[in-house]
**Student:** 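Quick one: the structure is below, questions incoming.
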Amino acid sequence: MLKSDFYNCASKYSKDSEPINQLWEEIEEAHSGTARYYHNLYHLQNLYNDLAEVKGIIDDWHSIIFAITYHDYVYDTSRTDNEELSAEIAVKRLLSINYPAGKISRCKAHILATKGHRQTEDNDTNLFTDADLSILGADWETYKQYAENIRKEYNNMAGFNMGRKNVLINFLKMPRLFKTDYFYSQYEAIARENIQREIVELL
């Protein structure tokens with residue numbers, strides 16, 4: 001489970017359990033707001049489950065764990081800098097448990113990469129952003145619930161349908177939604193079908 005792995009990883013760098021407890025409590029609180037229909041603890045656990053499947057080819061598992069827990073720490077649908085703010089918080093929190101500077105930079109890079117989900121030179125980052133998009137390749141009923149939850153999160157935003165449609169069209173323009181062979185083989189074809197189906201429903 002994500003919580004237990006978070007504690008295991010953090011305890012490698014801080015021998016005091018109280019700061020680690022506080023960090024996890026903050027993470028739970030940040031992801032438990034009533035407006036968090038999709039970007040919540042359930043999403044984090046699903047991301048963890050996907051990445052656990054490829055743990056054997058991940059270079060720095062600890063930085064992946066911390067990227068999972070902090071990448072959506074700030075999620076305000078009225079802002080365009082959620083990733084940057086989440087990364088800043090991750091840096092501060094990881095410094096507080098003496099996480100090494102080089103690893104903090106890598107974790108920050110993972111989080112910032114979720115803004116555009118583009119190919120990078122870091123395979124860990126590519127695996128992380130692919131897992132973040134794996135919901136796109138779920139079965140239709142699961143995907144449909146995901147799309148509905150996103151709509152709920154943007155409930156008060158005018159022009160949601162047009163904005164959502166543009167996001168989906170931009171996904172389809174990407175040569176590959178999934179950068180790594182593992183996630184590509186698992187989800188690419190179904191994801192494109194789901195996206196096209198949602199676009200039709202948005203018309």
**Student:** Hydrophobic clusters here meaning ILVMFWY residues chained together by side-chain heavy-atom distances under 4.5 Å, can you tell me if L51 and Y42 are in one?
**Tutor:** no
**Student:** Same cluster or not: are I190 and I169 linked, directly or through other Ile, Leu, Val, Met, Phe, Trp or Tyr residues, by side-chain heavy atoms under 4.5 angstrom apart?
**Tutor:** no
**Student:** Are the side chains of I57 and D124 in touch, meaning some heavy atoms are under 4.5 Å apart?
**Tutor:** no
**Student:** Ring centres of H31 and Y75 under 6.0 Å apart?
**Tutor:** no
**Student:** Angle between ring planes, F160 versus Y154, binned at 30° and 60°: parallel, tilted or perpendicular?
**Tutor:** tilted
**Student:** Using the rule that two of Ile, Leu, Val, Met, Phe, Trp, Tyr join whenever any of their side-chain heavy atoms come within less than 4.5 Å, decide whether I65 and Y13 are in one cluster.
**Tutor:** yes
**Student:** NZ of K152: more than 12 outside heavy atoms within 6.0 angstrom?
**Tutor:** yes
**Student:** Look up atom CG in L177 and atom CG in L172, then write down how far apart they are to the nearest 0.5 Å.
**Tutor:** 7.0 Å
**Student:** What are the two closest heavy atoms between A87 and K108, and how far apart are they?
**Tutor:** CB-CG, 3.8 Å
**Student:** If I compare all heavy atoms of H62 with all of C9, which pair ends up nearest, and what's the gap?
**Tutor:** CD2-SG, 3.2 Å
**Student:** Y73: which residues meet the ring pair (Phe, Tyr, Trp, His ring centres under 6.0 Å) condition with it, sequence neighbours left out?
**Tutor:** Y70
**Student:** Does CZ in R79 sit with more than 12 non-hydrogen atoms of other residues, nucleotides or ligands closer than 6.0 Å?
**Tutor:** no
**Student:** Any donor and acceptor pair, going by atom type alone, linking the side chain of N126 with main-chain N or O of K179 inside 3.5 Å?
**Tutor:** no
**Student:** Is any NZ, NE, NH1 or NH2 atom of the basic residue among R164 and E198 found under 4.0 Å from an Asp or Glu carboxylate oxygen of the other?
**Tutor:** yes
**Student:** Would L202 end up clustered with L136 when hydrophobic side chains under 4.5 Å apart are linked, directly or stepwise?
**Tutor:** yes
**Student:** Say whether E83 and H71, considering side chains only, have a donor N or O and an acceptor N or O under 3.5 Å apart.
**Tutor:** no
**Student:** Identify the two heavy atoms, one from V74 and one from S86, that lie closest to each other, and give their separation to 0.1 Å.
**Tutor:** N-OG, 2.9 Å
**Student:** Can you name the residues that form a side-chain contact (heavy atoms from CB on, under 4.5 Å) with N166, not counting sequence neighbours?
**Tutor:** M162
**Student:** Could you state the interatomic distance from CD1 (I199) to CG (N194), rounded to the nearest 0.5 Å?
**Tutor:** 11.0 Å
**Student:** Indicate the atoms forming the closest heavy-atom contact of I111 with A90, along with that distance.
**Tutor:** CD1-CB, 3.7 Å
**Student:** Between Y48 and W61, what is the ring plane arrangement, given parallel below 30°, perpendicular above 60°, and tilted in between?
**Tutor:** tilted
**Student:** Between D16 and S14, do the side chains contain an N or O donor and an N or O acceptor separated by less than 3.5 Å?
**Tutor:** no
**Student:** Under the rule for ring pair (Phe, Tyr, Trp, His ring centres under 6.0 Å), what residues qualify as partners of Y37, not counting sequence neighbours?
**Tutor:** none
**Student:** Only one of L127, T129, L133 clears side-chain contact (heavy atoms from CB on, under 4.5 Å) with F178; which?
**Tutor:** L133
**Student:** Suppose the criterion is salt bridge (charged side-chain N to carboxylate O under 4.0 Å, His left out): which pairs have a residue in residues 46-63, not counting sequence neighbours?
**Tutor:** D59-R106, D60-K103
**Student:** Which label fits Y143 and W140: parallel for a plane angle under 30°, tilted from 30 to 60°, or perpendicular past 60°?
**Tutor:** parallel
**Student:** Please check if any side-chain donor atom of Y38 sits under 3.5 Å from a side-chain acceptor atom of Q145, or the reverse.
**Tutor:** no
**Student:** Which heavy atom in P175 sits nearest to a heavy atom in R192, and how many Å separate them?
**Tutor:** O-NH2, 3.5 Å
**Student:** Which heavy atom of A109 sits nearest to which heavy atom of T125, and what is that distance?
**Tutor:** O-CG2, 4.4 Å
**Student:** Under the ring pair (Phe, Tyr, Trp, His ring centres under 6.0 Å) test, which residues partner H117, sequence neighbours left out?
**Tutor:** none
**Student:** Hydrophobic clusters here meaning ILVMFWY residues chained together by side-chain heavy-atom distances under 4.5 Å, can you tell me if I27 and I89 are in one?
**Tutor:** yes
**Student:** Is it true that D139 and K144 make a salt bridge, defined as a side-chain N closer than 4.0 Å to a carboxylate O?
**Tutor:** no
**Student:** Do you see a donor-acceptor pair shorter than 3.5 Å between the side chains of Y7 and N21?
**Tutor:** yes
**Student:** With a 4.5 Å heavy-atom cut-off, do L168 and Q196 have their side chains touching?
**Tutor:** no
**Student:** Once salt bridge (charged side-chain N to carboxylate O under 4.0 Å, His left out) is applied, what residue pairs with a partner in residues 22-38 remain, sequence neighbours excluded?
**Tutor:** E26-R93
**Student:** Classify the ring geometry between Y187 and F183 as parallel (under 30°), tilted (30 to 60°) or perpendicular (over 60°).
**Tutor:** parallel
